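The structure displayed is predicted, hence computed values, not measured ones.
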Amino acid sequence: MPWIYLALAGLLEVVWAVGLKYTEGFSRLWPSVVTVSAMTASIILLAMAVKTLPIGTAYAIWTGIGAVGAVLLGIVLFGDSASPLRLVCVGLVVVGMVGLKLTSGVQ
């Protein structure tokens, strides 16, 4: 269950990271409500996950999911660069997250 909490927390981190773009500096009500709600839920789920998972592993994976998701959605939604080198670097983040999961010792 902690890995599910962590995955959901990471996905919600993507929601709030991308949501920041839509809040326009928290000047738009509904995007701001969604963003702050996603932030809160993400932190709560991360806290639930670290009851069992090592903090370093959980935090790195949480931020990795957020970073990879934000980069990919930035490409799709905002026309951010999708250069081959950038995509390789994102792939390295994914490899690092998988490595941390496999070496965490927690099922």
(request) If you link ILVMFWY side chains whenever their heavy atoms are less than 4.5 Å apart, which other residues fall into the same cluster as Trp16? By chain and number, please. (result) Leu20, Phe26, Val36, Met39
(request) Tell me whether Ile44 is reachable from Ile4 by hopping between hydrophobic residues (I, L, V, M, F, W, Y) whose side-chain heavy atoms are closer than 4.5 Å. (result) yes
(request) Output the distance between atom CE (Met97) and atom OG1 (Thr63), rounded to the nearest 0.5 Å. (result) 8.5 Å
(request) Answer yes if Val68 and Leu12 sit in the same cluster of Ile, Leu, Val, Met, Phe, Trp and Tyr residues linked by side chain heavy atoms under 4.5 Å apart, and no otherwise. (result) no
(request) Report yes if the side chains of Leu45 and Leu6 come closer than 4.5 Å at any heavy-atom pair, otherwise no. (result) no
(message) For a 4.5 angstrom cut-off between non-hydrogen side-chain atoms, does Leu73 reach Val14?
(response) yes
Under 3.5 Å, which donor-acceptor pairs do the side chains of residues 52-61 form with other protein atoms, sequence neighbours left out?
none

(message) Return the CD1 to CG distance between Ile65 and Leu8, rounded to the nearest 0.5 Å.
(response) 9.0 Å
Extract all donor-acceptor atom pairs below 3.5 Å that involve side chains of residues 83-96 and protein atoms in other chains or at least two apart in sequence.
residue: Ser83; atom: OG; partner: Arg86; partner atom: N; Å: 3.2
residue: Arg86; atom: NH1; partner: Ser81; partner atom: O; Å: 2.5

(request) Could you note down all residue pairs passing ring pair (Phe, Tyr, Trp, His ring centres under 6.0 Å) where residues 66-107 supplies at least one of them, sequence neighbours left out? (result) Tyr22-Phe78
(message) Can you confirm whether Lys51 sits close enough to Tyr5 that some side-chain heavy atom of one is under 4.5 Å from a side-chain heavy atom of the other?
(response) no
(message) Show every side-chain hydrogen bond (donor to acceptor under 3.5 Å, both in side chains) that has at least one partner inside residues 33-45, sequence neighbours left out.
(response) Ser42-Trp62
(message) If hydrophobic clusters are built from ILVMFWY residues whose side chains come within less than 4.5 Å, do Met48 and Trp3 share one?
(response) no
